[in-house]
Structures are given as C-alpha cells and as structure tokens.
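Hydrogens, waters and symmetry mates play no part in the numbers below; they use all other heavy atoms, side chains included.
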Number of protein chains: 2
Amino acid sequence: MPNPVVQPLFDLAREHGVGFYLGYAELATENGRTRRFNTAILVGPDGRIVGKYRKVHLPGHADHKPQAAFQHLEKKYFEVGNRGFRVWRFLDTITGMLICNDRRWPEAFRVLTLQGAEIVALGFNTPTENLHYPEPPALRVHHHLIMAQAMAFQNATWLVETAKCGFEDGFRMFGHSLIVAPTGEIAVKSATEEDEVIFFNADIDLAANLKRTMFDYAAHRRPEHYKLIVERIGAEVTPSSD
Amino acid sequence: MPNPVVQPLFDLAREHGVGFYLGYAELATENGRTRRFNTAILVGPDGRIVGKYRKVHLPGHADHKPQAAFQHLEKKYFEVGNRGFRVWRFLDTITGMLICNDRRWPEAFRVLTLQGAEIVALGFNTPTENLHYPEPPALRVHHHLIMAQAMAFQNATWLVETAKCGFEDGFRMFGHSLIVAPTGEIAVKSATEEDEVIFFNADIDLAANLKRTMFDYAAHRRPEHYKLIVERIGAEVTPSSD
C-alpha cells in the first residue's frame with residue numbers, strides 16, 4: 001500500500017490534508033510464507049501510513065455450506081490477525097482500529113482503551129440477512145446500534161463505524177454508518193443505503209468526565225477477577241457448589 | 001441469612017415455591033477479622049441459599065466530598081468482593097449474580113458467560129442525579145438501557161436487572177427494572193417509580209442460535225490478544241510506532 005488502484009485516493013487525501021482509514025484484503029509474505037489477512041490501515045494527512053491492523057475476530061466458517069443462500073468464508077480465506085489490538089497517534093488523538101465483527105467483542109475495545117484510545121475506527125460490511133437462521137433485519141440493525149452505543153460509553157471513547165452498503169453479489173448490506181460519542185449517544189448516522197458522507201466535529205475531551213469518575217479504570221477495574229477471560233476460550237458450564 | 005427481618009420473605013417464598021435474589025450489606029467474620037461486603041444471594045424455591053456473590057466493582061469514593069449533594073461511599077464502607085464472578089444451578093438454569101455498578105463492566109458478564117450463565121441477575125440502586133457532574137437524567141437512563149441490551153446480546157444471556165426506585169435520603173432513584181432477552185431486546189420493563197412487579201416467561205433456548213453461530217466463543221474468541229485486560233489495571237497511553 002498504496003497500490004496503483006488506491007494511489008489516487010492517497011494523492012487526493014494528501015492534497016486536502018485529510019487522514020483516513022482504509023480496509024483491504026492483504027496478501028503478505030512473512031518469513032517466506034504467503035499469508036492473507038483482513039486488514040485496515042490509518043493514513044495520515046501527509047499520505048503516510050500511520051498504522052496497520054489485521055482483523056482478529058474472523059466470523060463465519062471455513063467450509064462450504066451448500067444449503068446457505070450465501071457463503072461467509074472469512075475463516076477459510078483469512079488468517080487471524082497477528083498484530084493484536086493497537087493504537088496510534090493520529091490527527092492529535094490516540095486512535096485504534098478494528099474491523100467489522102470485532103465490534104461485537106468487548107474484549108477488543110477494552111484492550112484499545114487500556115492503551116488510551118480516544119477514537120476507535122472500524123469499517124464493516126454486514127448483510128441484511130442472517131446467513132445461519134431467519135432473523136428480522138430490524139433486529140440486526142438494533143444489535144448494531146445498541147452495541148455501538150454501549151461500547152463507546154463503557155469505554156469512554158469516540159467510535160466511528162463505517163459501513164459498506166448497497167448490494168454485494170446480490171445480497172443487501174444494512175448500512176448504518178455511525179459516529180458515537182463517549183456519552184453513548186449517536187452523534188451522526190447515515191440515512192440512506194447509497195454512497196453518503198457523514199461527519200461530526202468530535203470533542204475528544206467529552207470523555208474526560210467519564211474517565212475521571214465512572215470509568216476511571218485504575219480506581220475500579222479488578223483484573224484479579226477477570227482471569228477466565230484469558231484462561232478460557234469457549235464457554236464451559238461450571239457452576240459453583242456454594 | 002436468613003436473619004429475623006427477612007425470615008418472613010424466605011418463608012413466604014418457600015410456601016409459594018419461588019426462588020429469589022436478595023441484596024444486602026453483609027457483616028462477615030473471616031479468620032477472626034470483621035469484614036463488610038455488598039452482597040447478594042440466590043435463594044432456591046425450597047428456601048435454601050444456593051449461592052452468594054460479593055460485589056467486585058465498588059463505585060464512588062472513600063473520602064467525604066463536602067461539595068457533593070450526597071455521598072457515594074461504597075469504597076469506604078465495603079471491601080472488594082473476594083469470591084469472584086460465579087454461576088450456580090438455579091431453577092433448572094445456570095444463573096450468575098452481579099450487583100449494580102458491575103453492569104457497566106463487560107469483563108464481569110464475560111466471566112459469567114464463560115461459565116455458562118444463562119441468566120444474569122443483578123440488583124441496582126442508581127440515583128437520578130450524577131454526583132460528580134451535571135448530566136441529564138434521561139442520558140443516565142439511556143446508558144442503563146443500551147448497556148443492558150448490549151451485555152445481554154453480546155453474551156447471549158438473559159439479564160434480569162432489578163432497581164430500587166423512589167427516594168433515598170431525599171434523592172431520587174431512576175428505577176427502570178428490566179428483563180432483557182439474549183436477542184438484546186427488552187422483554188419487559190417497569191413503568192413507574194413505585195413498587196411494581198414485572199415478570200416474563202423467559203425461553204432459555206432463545207440463546208441457542210447465537211451460541212452456535214455469532215457468539216460461539218470457542219470458534220471466535222482470541223484470548224492471546226486479550227492479555228492486557230488482566231495485565232493492566234488503569235489506562236496507559238501507549239501508542240504504537242508502526
């Protein structure tokens with residue numbers, strides 16, 4: 001990056017002094033091995049790449065599902081990201097990146113805000129239909145909205161979620177790009193399923209009150225009781241006897 | 001427990017075969033030492049105590065704040081719970097307990113659902129006014145609602161949150177008891193600031209689709225990237241250089 005296809009984007013952004021987040025399918029060679037990641041980069045207003053994130057929470061499946069209306073083969077085509085959840089200095093803020101399904105995992109947001117993330121930037125591409133079982137589209141959007149608001153609030157961070165919308169391979173994407181304030185309020189939201197620009201003049205200091213009171217991690221977090229989060233991967237039914 | 005004050009509650013519940021959750025200030029003696037905890041118990045329909053939880057996330061402060069309209073001295077009067085986040089077999093379910101401010105900490109829910117929690121029961125007592133800085137009451141209720149819905153959904157669990165409402169020492173409590181489904185939808189909500197009974201016939205299997213697809217922890221969680229959650233308590237601004 002930038003490759004010839006996106007070079008005009010880099011050039012135009014630099015000309016206007018605009019930083020941006022860009023997601024792409026990354027073909028990498030590491031230690032002589034070809035690897036594929038679902039990747040995003042932050043590009044500064046000077047056109048330089050500030051940071052790179054490789055998606056950790058790959059949804060979907062690795063096997064072909066003949067009964068399904070469409071396939072969700074992220075687990076087949078991509079490897080799990082090997083760079084962790086990180087933040088960078090970007091446009092006078094501390095910004096972290098996530099991708100799509102990461103927005104459903106509170107662990108990801110917490111690791112970013114433990115590193116001081118003031119903005120979390122995330123691109124997503126979510127079909128209107130649930131591949132696995134029938135589900136009302138409005139309920140899927142509801143999940144998207146409640147999670148975005150709760151993640152921003154309980155991490156006292158700005159959250160910028162950018163949707164691909166329209167149709168892909170004949171399947172509709174539900175859109176709903178958002179900028180959410182650390183107060184857990186949607187500051188701005190896309191209104192259509194067409195190309196659209198939304199923007200908001202985000203006051204980074206809006207998180208300050210929360211960070212010094214309710215979400216003062218140093219005062220309130222208790223990692224000695226969180227160990228299972230890293231010691232156990234899947235759920236195991238393990239009731240106590242007292 | 002049960003002490004003489006709550007013995008009639010235990011008796012009546014047993015008579016009707018009703019299990020319940022009860023919060024109280026616990027005075028305990030452990031290894032000859034007097035200790036105070038903010039505690040909740042689950043009581044089975046046979047009147048026996050099934051489990052005990054001592055609140056981990058103590059909010060507020062330990063020092064008197066002369067400028068504040070009221071004091072929030074949980075950190076003065078209580079010790080941090082020393083029994084962790086646990087689940088119990090209760091009424092043919094796996095049920096975990098939390099208390100009040102725990103509902104703002106996704107770590108707590110995750111530890112419970114990693115142990116198979118199908119229901120999370122939580123009592124809370126939240127003033128309508130923010131002690132620390134002016135905040136619209138409706139925004140405080142908004143935080144309560146988005147977090148409850150997101151926590152239930154992203155943990156694929158039923159969530160029962162029971163408010164104390166009315167006035168305490170002249171200060172108003174915002175109420176809003178809830179039962180939230182694993183779909184992230186509020187199944188039922190209290191409507192007033194008076195004593196009120198709300199109930200819902202919760203289908204535990206409503207979580208099954210989520211648990212085998214989107215929130216199949218074993219398939220999707222990546223604890224190797226979550227280590228900071230237990231290795232770091234407070235936030236430290238630690239941006240990456242690439």
Side-chain angles (χ1 to χ4, degrees), chain A residues 51-52 56-59 80-81 84-89 94 101 104-107 110-111 113-116 132-133 139 142-143 146-147 149-151 153-154 183-185 209 211 213-218 220-223 225-240 242, chain B residues 51-52 56-59 80-81 84-89 94 101 104-107 110-111 113-116 132-133 139 142-143 146-147 149-151 153-154 183-185 209 211 213-218 220-223 225-240 242:
Chain A
K52 177 194 283 194
V56 166
H57 293 106
L58 299 176
V80 171
F85 301 109
R86 294 155 76 179
V87 301
W88 295 270
R89 292 195 189 280
I94 306 294
N101 181 48
R104 303 187 178 103
W105 299 89
E107 293 91 339
R110 192 59 107 214
V111 171
T113 53
L114 279 166
Q115 296 169 84
H132 301 287
Y133 53 91
L139 183 56
H142 174 70
H143 297 155
I146 57 173
M147 282 192 297
Q149 293 174 88
M151 295 290 195
F153 175 64
Q154 69 205 8
T183 59
E185 294 169 292
N209 273 332
K211 286 182 175 174
T213 59
M214 188 179 282
F215 295 124
D216 177 349
Y217 291 172
H220 304 308
R221 292 183 77 248
R222 287 288 160 182
H225 294 303
Y226 305 158
K227 288 181 186 159
L228 215 56
I229 292 172
V230 294
E231 289 174 354
R232 190 175 284 185
I233 303 175
E236 296 169 35
V237 176
T238 43
S240 290
D242 72 326
Chain B
K52 177 194 283 194
V56 166
H57 294 106
L58 299 176
V80 171
F85 301 109
R86 294 156 75 180
V87 302
W88 294 270
R89 292 194 188 280
I94 306 295
N101 181 47
R104 304 187 177 102
W105 298 89
E107 293 90 339
R110 192 60 106 219
V111 172
T113 53
L114 278 166
Q115 296 170 83
H132 301 286
Y133 53 90
L139 184 56
H142 174 69
H143 297 155
I146 57 174
M147 282 192 297
Q149 293 173 88
M151 295 291 194
F153 174 64
Q154 69 205 7
T183 59
E185 293 170 292
N209 273 332
K211 286 181 174 173
T213 59
M214 188 179 283
F215 295 125
D216 177 350
Y217 290 172
H220 305 308
R221 293 183 77 247
R222 286 288 159 181
H225 294 304
Y226 305 157
K227 288 181 186 160
L228 216 55
I229 292 172
V230 294
E231 290 175 354
R232 189 175 284 186
I233 303 175
E236 295 170 33
V237 177
T238 43
S240 292
D242 72 328

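The aromatic rings of B:His225 and A:Phe85 sit perpendicular, their planes meeting at an angle over 60°, well past the 30° parallel limit. Using cut-offs of 30° and 60° for the angle between ring planes, the A:Phe153 and B:His143 rings count as parallel.
The backbone N or O of B:Pro223 sits nowhere less than 3.5 Å from a side-chain atom of A:Arg232 that would complete a donor-acceptor pair.
The heavy-atom pair separating B:Thr238 from A:Val87 by the smallest distance is O-CG2, 3.7 Å. When all heavy atoms of A:Tyr217 and B:Ile233 are compared, the pair lying nearest together is CB-O, 3.4 Å.
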(request) Apply side-chain contact (heavy atoms from CB on, under 4.5 Å) to B:Asn209 and A:His132, showing your working. (result) CA-CA 8 Å; B:Asn209 273 332; A:His132 301 287; over 6 Å; no

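When the options B:Gln154, B:His220, B:Met214 are evaluated for a side chain to side chain contact (heavy atoms under 4.5 Å, CB included) with A:Arg104, the one that passes is B:Met214.
Interface residue A:Tyr226: backbone and side-chain heavy atoms are both found under 4.5 Å from chain B. Neither the backbone nor the side chain of A:Glu231 has a heavy atom closer than 4.5 Å to any heavy atom of chain B. With a 4.5 Å cut-off on non-hydrogen atoms, A:Val80 touches chain B through its side chain but not through its backbone.
B:Phe215 and A:His57 have their aromatic ring centers separated by at least 6.0 angstrom.
The candidate with the highest count of non-hydrogen atom pairs below 4.5 Å against chain B, out of A:Gly81, A:Gly116, A:Ala150, is A:Ala150.
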